[in-house]
Enquirer: 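Handing you a structure now.
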Amino acid sequence: MASEAGKKRKPKVIRTDGATPEGKRGKAEGEQDARYYSEECEVDLRDPIKDYELYKETCQELQRLMAEIQELKSRGIKDNASEIDERRVQSCVHFMTLKKLNRLAHIRLKKGRDQTHEAKQKVDAYHLQLQNLLYEVMHLQKEITKCLEFKSKHEEIELVSLEEFYSEAPTEISRPDITLTEPHQQTLARLDWELEQRKRLAERYKECLTIKEKILKEIEVKKEYLSSLQPRLNSIMQASLPVQEYLFMPFDQAHKQYETARHLPPPLYVLFVQASAYGQACDKKLVVAIEGSVEEAKALYKPPEDSQDDESDSDVEEEQTTKRRRPTLGVQLDDKRKEMLKRHPLCVTIDLKCKDDNVLHLTFYYLMNLNVMTVKAKVTTAVEMTTAISAGDLLSPDSLLSCLYPGDHGKKTPNPANQFQFDKVGIVTLSDYVTELGHPYVWVQKLGGLHFPKEQPQHTVTADNSLSASHMELTVKLLRTRLQSRLALHKQFASLEHGVVPVSSECQHLFPTKIVSRLVKWSAIPFEDYAELPYTKDVLEAGLAEDTHLYYMALIERGTAKLQAAVVLNPGYSALPPIFSLCLNWKGERTGNNDDNIRAMESEVNVCYKELWGPKPGYQLLTNQLQRLCMVLDVYLETEPHDTSVEGPKEFPQEKMCLRLVRGPMRLKPFKFNYPQGFFSHR
């Protein structure tokens with residue numbers, strides 16, 4: 001701004017006599033230059049604060065003078081012209097002062113910028129030097145890191161320890177007087193000793209190779225001798241077959257079984273060995289065999305062979321592949337599921353024979369990808385059994401072995417890792433495939449030596465012989481007991497469906513001679529129908545009825561009275577007794593919730609069941625409970641008071657001898673039969 005003001009400002013011309021205009025103009029320019037430079041020097045001498053104060057005073061004076069000029073002009077008096085000119089001159093002087101202060105301010109600003117620029121250049125120079133130094137430091141650090149990370153070839157060699165080195169190496173190599181103080185010389189000495197040892201080992205290796213070649217030659221000679229011996233042994237075995245059959249010693253058959261057992265997977269092999277050992281030592285009626293394709297089992301362990309096709313065959317294959325359609329996602333999932341649930345080609349069969357020549361056939365399979373075992377069951381009876389409609393589920397494969405051990409229903413896989421495998425191929429649960437694959441009971445896994453801990457899951461589960469041996473005896477006993485109890489129930493159900501409650505001679509003393517109430521109907525019902533009955537809620541809430549149990553409905557009648565009994569049969573019958581829930585339809589509906597005597601009748605068959613077990617193993621418990629139910633129904637009806645409002649004789653005359661008809665505030669009836677006295681009393 002100062003320069004622009006200087007350009008606009010006209011140079012002042014001072015006219016003097018005796019001087020040319022050019023000379024006067026040059027003199028004026030010299031005076032202006034001198035004044036310009038004097039103002040730059042004057043900036044350093046003047047105080048900026050005082051200049052600022054002068055600036056404010058000048059501005060105030062200008063305002064005052066302008067106001068006075070305005071006032072004088074507004075009066076309009078001609079005599080005021082001289083005063084206006086005087087104040088105008090003073091204003092021009094103040095304007096000159098402001099211009100000078102403006103020039104000084106611009107000079108100070110220029111000097112400040114110049115000083116700032118010089119300081120900035122110094123800072124930039126220092127910063128550039130700093131960056132150069134940092135780059136040099138980084139480069140040196142990289143070089144140091146390379147040196148520190150350098151690995152020599154000798155570091156990869158496993159040298160002997162220092163103690164062994166100084167104790168075994170000769171002094172010519174170890175040189176302890178030098179190597180103990182100098183690590184470099186020590187390392188060189190250890191490397192020399194390592195080289196010396198390796199030379200000795202190389203010589204020893206050559207000697208061992210020569211010895212190995214001699215031994216291999218001897219083995220070949222012995223192999224030739226053994227190969228020539230095998231045909232002779234086979235001819236001897238063939239000649240001894242009639243002797244084996246005559247002495248009941250099938251060595252040849254057992255030898256074939258053991259040869260086949262070599263191709264079994266580990267769990268099935270453990271089961272085969274332990275079951276065979278238990279059958280030979282403790283149970284002669286247990287027969288173990290191996291079934292399946294041995295060739296397919298061998299193919300599982302053979303590596304795939306690389307086949308090289310001709311050019312013509314490859315062209316045909318290319319044409320076929322182009323014509324084929326890409327399988328859909330559903331087809332791919334089905335293939336993955338089949339591969340996931342693939343069974344081993346070989347299986348182990350166990351036949352358990354009972355005393356009455358009934359046989360339980362068990363077939364054990366191994367699912368290779370899931371690492372679990374499954375079992376299928378089948379029953380063969382010595383005598384053809386009468387068909388009973390209600391006994392349809394007793395010998396079915398789904399319920400025959402269910403809950404052999406408490407809670408083991410065989411619907412879920414015992415291997416926790418299988419759930420993650422199922423999620424990949426879209427399998428919700430294994431229960432949808434048990435009909436085809438068999439049931440993966442926990443006891444089946446233990447017979448195969450497999451154990452899957454839930455608290456500490458393991459990555460790989462291997463077959464354990466000791467685990468199989470510890471569970472073999474108890475499991476075989478439970479299987480025989482289950483088969484015998486189910487066959488006994490099958491016979492009893494055939495009689496119950498015809499309205500006959502079979503009571504053996506050993507249990508006749510538990511009941512009176514004459515029982516009027518009769519069983520009219522015996523049928524099986526599903527779990528859903530049982531759960532809908534109003535008088536079975538207590539059993540359901542107590543957790544005594546599950547979907548794995550068997551459910552039946554019995555109808556007992558006497559006259560107009562009809563007693564419905566909903567029966568829950570535990571798979572562990574007869575170790576676990578059946579549970580009865582009663583409902584009497586006579587003069588209204590009477591259950592354990594509204595009649596204390598009905599609850600007492602339920603207690604007679606559910607709580608006092610130990611009196612009804614009969615001879616061991618107690619397979620007649622169910623029929624004895626039904627017979628007692630008929631007995632207590634007679635007592636209940638005969639001890640009911642006669643309704644005087646109804647004319648005619650009593651519907652149920654008292655035929656049982658009772659010491660007291662009722663007792664206590666609950667008016668309980670005497671349901672306990674006393675033998676041999678033949679009367680009924682309270683408990």
Enquirer: Any chance the side chains of Gln121 and Tyr126 put a donor and an acceptor closer than 3.5 Å?
Expert: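 Absent: no donor and acceptor within the cut-off.
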
Enquirer: The test is salt bridge (charged side-chain N to carboxylate O under 4.0 Å, His left out); show your working for Arg190 and Glu194 and say whether it passes.
Expert: CA-CA 6 Å; Arg190 292 175 69 186; Glu194 184 70 22; over 6 Å; no

Enquirer: What's the spacing between Cys92 SG and Lys99 NZ if we round to 0.5 Å?
Expert: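 Between atom SG of Cys92 and atom NZ of Lys99 there are 9.0 Å.
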
Enquirer: Got His344 and Leu367 here, is their nearest side-chain heavy-atom distance under 4.5 Å?
Expert: no

Enquirer: Test your reading of the model: is there a side-chain donor-acceptor pair from Thr179 to the backbone of Ser174, 3.5 Å cut-off?
Expert: yes

Enquirer: Strictly by modelled atom types, are Asn465 and Gln274 linked by a side-chain donor-acceptor pair under 3.5 Å?
Expert: yes

Enquirer: side-chain contact (heavy atoms from CB on, under 4.5 Å) between Leu479 and Leu401: does it pass, once the steps are laid out?
Expert: CA-CA 8 Å; Leu479 289 170; Leu401 304 179; 3.6 Å; yes

Enquirer: Would you confirm whether Lys376, through its side chain, and Glu436, through its main-chain N or O, come within 3.5 Å as a donor-acceptor pair?
Expert: yes

Enquirer: Check the pair His439 / Asp398 against side-chain contact (heavy atoms from CB on, under 4.5 Å), numbers first and verdict last.
Expert: CA-CA 8 Å; His439 292 268; Asp398 293 335; 3.1 Å; yes

Enquirer: Evaluate the side-chain contact (heavy atoms from CB on, under 4.5 Å) criterion for residues Val372 and Gln445: first the C-alpha distance (whole Å), next the side-chain angles of each, then the deciding distance (0.1 Å), finally the verdict.
Expert: CA-CA 7 Å; Val372 294; Gln445 318 306 319; 3.8 Å; yes

Enquirer: With a cut-off of 6.0 Å (strictly less than), are more than 12 heavy atoms of other residues, nucleotides or ligands near OH of Tyr55?
Expert: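 Counting neighbours around OH of Tyr55, 12 or fewer heavy atoms of other residues, nucleotides or ligands fall under 6.0 Å, so no.
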
Enquirer: Could you work out, with salt bridge (charged side-chain N to carboxylate O under 4.0 Å, His left out) as the rule, every residue matching Arg262, not counting sequence neighbours?
Expert: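 Arg262 satisfies salt bridge (charged side-chain N to carboxylate O under 4.0 Å, His left out) with Glu259 once adjacent residues are dropped.
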
Enquirer: Could you pull out the closest heavy-atom pair between Leu300 and Pro345, with the gap in Å?
Expert: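 Scanning both residues completely, I find the closest heavy atoms to be CD1-CD, 3.5 Å.
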
Enquirer: Quick one, Lys100 with Glu42, criterion salt bridge (charged side-chain N to carboxylate O under 4.0 Å, His left out). Give me CA distance, side-chain angles, the key distance, then yes/no.
Expert: CA-CA 11 Å; Lys100 180 176 182 180; Glu42 189 181 356; 3.5 Å; yes

Enquirer: I need the Leu370 CG to Arg343 CZ distance, nearest 0.5 Å.
Expert: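 The distance works out to 12.5 Å.
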
Enquirer: For Ala275 and Leu286, work out which heavy atoms get closest and say how close.
Expert: O-CD2, 3.5 Å

Enquirer: Between Glu163 and Ser167, does the side-chain contact (heavy atoms from CB on, under 4.5 Å) criterion hold? Intermediate values first, please.
Expert: CA-CA 6 Å; Glu163 292 78 6; Ser167 61; 5.6 Å; no

Enquirer: Could you report the tightest heavy-atom contact between Gln421 and Asn369, atom names first, then the distance?
Expert: NE2-O, 3.1 Å

Enquirer: May I ask you to test the Gln129-Asp124 pair for a side-chain heavy-atom distance under 4.5 Å?
Expert: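 With C-beta onward as the side chain, the pair stays apart.
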
Enquirer: So does Ile427 get a backbone contact from the side chain of Arg337, meaning a donor-acceptor N/O pair under 3.5 Å?
Expert: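 No, the answer is negative, given that no donor and acceptor are paired below the 3.5 Å cut-off.
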
Enquirer: Taking the side chain as every heavy atom from C-beta outward, state whether Tyr366 and Cys347 have any pair of such atoms under 4.5 Å apart.
Expert: no

Enquirer: Look at the side chain of Thr187 and the backbone N and O of Pro183, then say whether any donor-acceptor pair between them is shorter than 3.5 Å.
Expert: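 At least one qualifying donor-acceptor pair exists.
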
Enquirer: Is there side-chain contact between Asp464 and Val270, with heavy atoms separated by less than 4.5 Å?
Expert: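 Sidechains of Val270 and Asp464: no contact.
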
Enquirer: Ignoring hydrogens and geometry beyond distance, is a side-chain donor-acceptor pair present between Thr413 and Asn415 at under 3.5 Å?
Expert: no

Enquirer: Would you mind checking if Asp114 and Lys111 are paired as a salt bridge, meaning a charged N to carboxylate O distance below 4.0 Å?
Expert: no

Enquirer: Restricting to non-hydrogen atoms, name the atom on His94 and the atom on Glu61 that form the minimum distance, rounded to 0.1 Å.
Expert: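 Taking every non-hydrogen atom into account, NE2-CB, 3.6 Å.
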
Enquirer: Pairs under 3.5 angstrom only: tabulate donor-acceptor contacts from the side chains of residues 200-220 to other protein residues two or more places apart or in another chain.
Expert:
unit_1 : atom_1 : unit_2 : atom_2 : d
Arg204 : NH1    : Glu207 : OE1    : 3.4
Thr210 : OG1    : Glu207 : O      : 2.4

Enquirer: Does the Thr374 side chain pair with the main chain of Pro440, one donor and one acceptor, at a distance under 3.5 Å?
Expert: no

Enquirer: Would the distance check show the side chain of Asp408 and the main-chain N or O of Ser402 forming a donor-acceptor pair, the cut-off being under 3.5 Å?
Expert: no

Enquirer: Roughly how far apart are Leu447 CG and Thr475 OG1, rounded to 0.5 Å?
Expert: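 The CG atom of Leu447 sits 4.5 Å away from the OG1 atom of Thr475.
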
Enquirer: Going from CD on Gln90 to CZ on Phe95, what distance comes out if it is rounded to the nearest 0.5 angstrom?
Expert: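 These two atoms lie 13.0 Å from each other.
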
Enquirer: Any chance you could measure Leu134, atom CG, to His139, atom NE2, to the nearest 0.5 Å?
Expert: 14.5 Å

Enquirer: So for atom OH, which belongs to Tyr52, do other residues, nucleotides or ligands contribute more than 12 heavy atoms lying within a distance under 6.0 Å?
Expert: no

Enquirer: Indicate yes or no: at least one non-hydrogen side-chain atom of Leu140 is less than 4.5 angstrom from one of Glu143.
Expert: no

Enquirer: If every non-hydrogen atom of Leu430 is compared with every non-hydrogen atom of Leu341, which pair is closest and at what distance?
Expert: CD1-CD2, 4.0 Å

Enquirer: Quick check: closest heavy atoms across Gly448 and Ala463, and the distance to 0.1 Å?
Expert: O-CB, 3.5 Å

Enquirer: Relative to the ring of Phe364, is the ring of Trp443 parallel (under 30°), tilted (30 to 60°) or perpendicular (over 60°)?
Expert: perpendicular

Enquirer: For Tyr269, is the OH atom crowded, meaning more than 12 foreign heavy atoms sit under 6.0 Å from it?
Expert: no

Enquirer: Can you check whether His263 reaches Leu346 side chain to side chain, under 4.5 Å on heavy atoms?
Expert: yes

Enquirer: Taking Glu224's backbone N and O only, do any of them form a donor-acceptor pair with Ser227's side chain (distance below 3.5 Å, no angle check)?
Expert: yes

Enquirer: Between Arg108 and Asp51, is there a side-chain heavy-atom distance shorter than 4.5 Å?
Expert: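 The answer is yes; the side chains approach within 4.5 Å.
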
Enquirer: Could you give the distance from OG1 (Thr363) to OH (Tyr365), rounded to the nearest 0.5 Å?
Expert: 4.5 Å

Enquirer: Are Leu450 and Pro414 side-chain neighbours, meaning at least one heavy-atom pair lies under 4.5 Å?
Expert: no

